[in-house]
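Scroll down for the structure; my scribbles are underneath it.
Just so it is clear: chains get the letters A, B, ... in the order the sequence lines come, proteins before strands, and each one is counted from 1.
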Amino acid sequence: MPDNSSQRPSDFIQEIIKEDLETNKYEGRVHTRFPPEPNGYLHIGHAKSICLNFGIAKKFNGLCNLRFDDTNPTKEEVEYVESIKKDVRWLGFDWGDRLFYASDYFEQLYQHAVQLIKMGKAYVCDLSADEIREYRGTLTEPGKESPNRNRPVEENLDLFERMRRGDFPDGSRTLRAKIDMKSGNINMRDPVMFRILHAEHHRTGDKWCIYPMYDYAHCISDSIERITHSVCTLEFEDHRPLYDWFLNELNVFHPQQIEFARLNLSHTIMSKRKLLQLVQEGHVKGWDDPRLPTISGLRRRGYTPESIRNFCERIGIAKRDSMVDMALLEYCIREDLNKHAPRVMAVLRPLRVVIDNYHEGQVEELEAINNPEDAGMGTRKVPFSRVLYIEREDFREDPPKQFFRLAPGREVRLRYAYYITCVGVIKDEKTGEVIELRCTYDPATRGGDSPDGRKVKATLHWVSASHSLEAEVRMYDHLFTKADTEDEKDGGDFKAYLNQNSLETLNSCRVEPGLTNAKPGTRYQFERQGYFSVDPDSSNGKLVFNRTVTLKDTWAKIEKAKK
RNA sequence: AGCCAGUUCGUUCAAUGGUAGGACCUCAGACUUUGAUUCUGAUAAUGGGGGUUCGACUCCCUCACUGGCUGCCA
């Protein structure tokens with residue numbers, strides 16, 4: 001686990017824990033848990049919770065469990081269990097031997113329910129789902145009591161046992177807690193504890209046909225694991241009285257539930273339901289599509305665990321709803337990659353350049369620095385020859401005032417190579433498109449410095465045409481055009497804000513030859529372009545890169561401002 | 001309409017009765033063989049109204065606004 005806990009800023013949850021430690025509320029123990037439901041892939045919002053829970057445990061010398069909240073067999077799958085374990089591990093956290101499942105506790109949950117029935121605090125209800133809804137009342141009107149509410153204990157016991165045995169069809173009965181149908185908090189209006197579901201569970205198979213509800217299962221699972229601080233998101237605030245009710249009635253170990261605001265990120269979605277929809281309807285290529293804020297998507301995109309942890313630390317923990325700007329996440333990955341990613345030259349949209357006064361057939365190996373931020377990363381050789389490629393956007397036949405890259409008659413530097421001057425522009429006769437540049441080089445500027453001290457305003461990246469490798473590069477942009485995708489006020493659903501240009505695939509990119517054996521997952525900075533990582537779609541002959549994030553681009557900003 | 005929570009720079013997190021601060025964003029400048037990085041600087045906030053107090057972002061009242069809650073989902 002990363003040890004950056006010492007300078008970690010404090011938040012209201014840590015304040016509560018510090019106080020509990022001082023008053024010895026839990027014998028000095030701190031024990032948290034991360035309790036995902038295995039019904040989807042983890043996303044950056046989960047990362048916030050993971051960093052919080054594991055981070056707290058680390059900071060206070062406690063423990064953090066990984067517990068799958070698998071009480072709904074109709075939605076949960078092993079595929080999700082495996083992906084979640086992988087993602088938590090990848091993020092850098094370790095649950096040791098404490099991998100649990102709510103389904104481990106089904107028998108205890110059943111026995112505690114029997115106990116509540118015996119106490120007269122729970123009853124079997126024969127109302128249908130529709131009737132329960134009707135009896136529940138509304139936000140402003142109190143509910144009505146179920147006709148079965150005062151069923152004798154013996155009858156409840158018998159019925160509940162038969163529910164377990166499978167005597168009744170799905171939905172025909174439920175076990176309910178007997179609390180208060182008039183409560184202003186609807187969660188307290190005799191909530192369902194168990195429902196009948198003849199469904200195959202990914203772990204218990206067909207052993208059970210009744211399954212506990214979240215509110216009932218979660219507090220008891222926490223109690224069984226002797227969790228001290230049960231941290232969850234704000235929408236469970238209304239459920240806390242119920243969490244406390246079950247534990248109080250059962251008189252068992254009582255963790256305290258603390259709620260914090262979930263993460264919202266601009267230009268994306270965090271809802272599992274919507275994520276699933278994008279995947280299933282093919283708006284993205286899968287759960288690990290690099291445009292998605294899923295952990296697997298971010299991983300494929302090229303994000304590092306370190307950068308995500310850092311991000312989670314910077315956004316902080318609070319109780320008010322907020323929307324973090326995607327720019328902060330991007331800042332975090334640039335910060336990390338700037339220090340660690342080797343630099344390399346890649347031309348995304350090639351423009352052919354012929355150096356007229358460079359000997360045909362001659363090749364020089366020029367030395368390039370792998371990372372100016374880290375001399376320890378050394379240098380490499382890149383081949384230079386008569387025919388090169390430069391970036392199309394680095395040349396303008398008619399340059400605007402602030403454009404100081406290559407133009408007819410102008411001299412610029414090719415990084416680590418020579419000064420070159422544009423002496424000719426060759427166009428396609430039919431389309432007028434510039435297809436080749438003729439340049440001359442100054443042999444005295446080898447390496448990129450001119451002995452006479454004359455300056456050039458621009459340094460361009462380049463590759464040697466014959467030595468460079470062809471590559472596919474996938475350029476990603478925000479998945480949504482609107483920062484707040486939840487804002488559906490103007491009638492549209494969130495998909496109306498989908499960015500039609502969130503993926504642009506470039507097929508004839510040229511990268512320097514040193515990349516020939518680059519392994520999937522390797523991250524590079526393409527100089528002057530951004531950070532890119534090798535996609536698993538790469539095969540022997542064909543490299544595929546994902547653009548993780550662009551470099552900050554002042555020139556792009558200037559151009560945009562002019563429009 | 002009922003219950004619960006919340007409201008501080010554009011964004012986000014602090015300030016726990018005593019000088020409203022950090023980060024991101026934005027802007028300007030310096031440096032630069034990446035229009036990158038780095039460095040320097042700037043802009044910029046306590047929802048409204050009462051009250052308590054020598055003193056209120058902080059405590060109280062009230063209004064407004066925002067979010068959550070009427071699954072046999074979690």
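On a pure distance criterion of 3.5 Å, a polar donor-acceptor pair joins the side chain of A/Gln525 and the base of B/U34.
Residue A/Leu175 is classed as having no contact, given no heavy-atom separation below 4.0 Å to the nucleic acid. Looking at heavy-atom distances under 4.0 Å, A/Thr140 makes contact with a base. Across all strands shown, A/Glu37 has heavy atoms under 4.0 Å from sugar-phosphate atoms exclusively, and none from any base. Residue contacts shown for A/Asp215 are absent, as no nucleic acid heavy atom lies under 4.0 Å away. A/Ile369 comes within contact range of no nucleotide atom at all, as no heavy-atom separation falls under 4.0 Å. Using a 4.0 Å heavy-atom cutoff across all strands shown, A/Ala129 reaches at least one base atom of the nucleic acid. Across all strands shown, A/Gln402 has heavy atoms under 4.0 Å from base atoms, whether or not it also approaches the sugar-phosphate. If you check every strand for non-hydrogen atoms under 4.0 Å, A/Leu197 touches nothing. Among the atoms of the strands shown, base atoms are found under 4.0 Å from some heavy atom of A/His239. Among the protein residues, A/Leu234 comes within range of no part of the nucleic acid, since none of its heavy atoms lies under 4.0 Å from any strand. Note on A/Tyr416: a base of the nucleic acid sits closer than 4.0 angstrom, heavy atoms only. At a threshold of 4.0 angstrom between heavy atoms, the contacts of A/Phe236 include nucleobase atoms, whether or not backbone atoms are also involved. A/Arg405 comes within contact range of at least one nucleobase, with a heavy-atom separation under 4.0 Å. At a threshold of 4.0 angstrom between heavy atoms, the contacts of A/Thr71 are confined to the sugar-phosphate backbone, with no base atom among them.
Closest approach to the A/Asp238 side chain among B/A36, B/C69, B/U12 is made by B/C69 (side chain taken as heavy atoms from C-beta onward). Side-chain proximity of A/Trp555 to B/C72, B/G35, B/A74: nearest is B/G35. For A/Leu328, the listed nucleotide lying nearest its side chain is B/C24; candidates were B/C24, B/C72, B/U70. The side chain of A/Glu373 has B/U37 as its nearest neighbour among B/A74, B/U37, B/C25. Candidate nucleotides B/C72, B/A74, B/G35 were compared by shortest atom distance to the side chain of A/Glu235, and B/A74 ranks first. The side chain of A/Ala327 approaches B/C24 more closely than any other nucleotide in the set B/C24, B/C69, B/C13. Closest contact between the side chain of A/Arg314 and the listed nucleotides B/U34, B/C69, B/C24 involves B/C24. Considering only side-chain atoms of A/Tyr331, the nucleotide from B/C24, B/U37, B/C73 that sits closest is B/C24. For A/Met213, whose side chain is taken as the heavy atoms from C-beta onward, the closest listed nucleotide among B/U12, B/C24, B/C73 is B/C73. Closest approach to the A/Val192 side chain among B/A74, B/G6, B/C72 is made by B/C72 (side chain taken as heavy atoms from C-beta onward).
Here the side chain of A/His198 pairs a donor or acceptor atom with the backbone of A/Phe168 at under 3.5 angstrom. When atom types are taken as modelled, the side chain of A/Ser183 and the backbone of A/Asn185 share a donor-acceptor pair closer than 3.5 angstrom.
Taking the nucleotide of RNA chain B with the nearest heavy atom to each of A/Asp325 and A/Pro372, the more 5' of the two is matched to A/Asp325. Between A/Asp321 and A/His218, the residue whose closest nucleotide on RNA chain B is further toward the 5' end is A/Asp321.
Rounded to the nearest Å, the gap between the P atom of B/U12 and that of B/G68 is 16 Å. Nucleotides B/U62 and B/G55, compared at atom C1', are 23 Å apart to the nearest Å. Rounded to a whole angstrom, the distance from the P atom of B/C61 to that of B/C3 is 15 Å. Only the P atoms considered, B/G17 is 8 Å distant from B/C59, to the nearest whole Å. For the P atoms, the distance linking B/C24 with B/U32 amounts to 24 Å, nearest Å. Nucleotides B/C25 and B/G50, compared at atom P, are 40 Å apart to the nearest Å. With P as the reference atom, B/A45 and B/A20 are 13 Å apart, rounded to whole Å. Using C1' as the reference atom, B/C57 and B/U40 are 31 Å apart when rounded to the nearest Å.
Of all heavy-atom pairs spanning A/Arg165 and A/Cys209, the tightest one is C-SG, 4.4 Å. In this structure, A/Pro191 and A/Ile179 approach most closely via the heavy-atom pair CD-CD1, 3.8 Å.
For the pair A/Lys557 and B/U26, the criterion of a side-chain N or O lying under 4.0 Å from OP1 or OP2 is met. Residue A/Arg195 has a polar side-chain atom (N or O) positioned under 4.0 Å from OP1 or OP2 of B/C73. Between B/G35 and A/Arg528, a contact under 4.0 Å exists linking OP1 or OP2 to a side-chain N or O. Taking 4.0 angstrom as the limit, A/Arg262 places none of its side-chain polar atoms (N or O) nearer than this to OP1 or OP2 of B/A74. At B/A36, one or more side-chain N or O atoms of A/Thr554 fall inside 4.0 Å of OP1 or OP2 (strictly under the cut-off). Distances shown here put every side-chain N or O of A/Ser322 at or beyond 4.0 Å from the OP1 or OP2 atom of B/U11. Regarding contacts with the backbone of B/C72, every side-chain N or O of A/Arg133 stays at 4.0 angstrom or more from both OP1 and OP2. For the OP1/OP2 pair of B/U8 and a distance below 4.0 Å, the side-chain nitrogens and oxygens of A/Arg320 include at least one atom meeting the criterion.
Searching all strands for a Watson-Crick or G-U wobble partner of B/G6 with both distances below 3.5 Å returns B/C65. Under the Watson-Crick or G-U wobble criterion, with both distances below 3.5 Å, B/U16 is left unpaired in every strand shown. The base-pairing partner of B/G41, taking Watson-Crick or G-U wobble contacts with both distances under 3.5 Å, is B/C27. Across every strand in view, B/U58 sits unpaired, with no contact that passes the Watson-Crick or G-U test at under 3.5 angstrom. Across the strands present, B/U34 finds no partner; the criterion is a Watson-Crick or G-U wobble pair with both atom distances under 3.5 angstrom.
For B/G47, the O4'-C1' to base torsion is more than 90° from 0; the nucleotide is therefore anti.
Ion pairing between A/Arg314 and A/Glu335 holds under the 4.0 Å rule for side-chain N and carboxylate O.
Taking atom CG of A/Asp11 as the reference point, atom C1' of B/C13 lies 10 Å away to the nearest angstrom. B/U16 atom P lies 15 Å from atom CD of A/Glu19, rounded to whole Å.
The aromatic ring of A/Tyr214 does not stack onto the base of B/A74, failing the criterion of a centre distance under 5.5 Å from the six-membered base ring together with planes under 30° apart.
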* Applying ring-ring contact (aromatic ring centres under 6.0 Å, His included), run through A/Phe236 and A/Tyr243 and close with a yes or a no. => CA-CA 10 Å; A/Phe236 292 103; A/Tyr243 184 102; 9.9 Å; no

* Asked: Does the ring-ring contact (aromatic ring centres under 6.0 Å, His included) test come out yes or no for A/Tyr441 and A/Tyr418, once each step is laid out?
  -> CA-CA 6 Å; A/Tyr441 84 113; A/Tyr418 294 98; 4.7 Å; yes

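Aromatic ring pairs are classed by plane angle as parallel below 30°, tilted from 30° to 60° and perpendicular above 60°; the pair A/His201 and A/Tyr211 is parallel. A tilted orientation is assigned to the rings of A/Tyr105 and A/Phe100, their planes being inclined by 30° to 60°.
Summarising the local packing, NZ of A/Lys560 is surrounded by 12 or fewer heavy atoms from other residues, nucleotides or ligands at distances under 6.0 Å.
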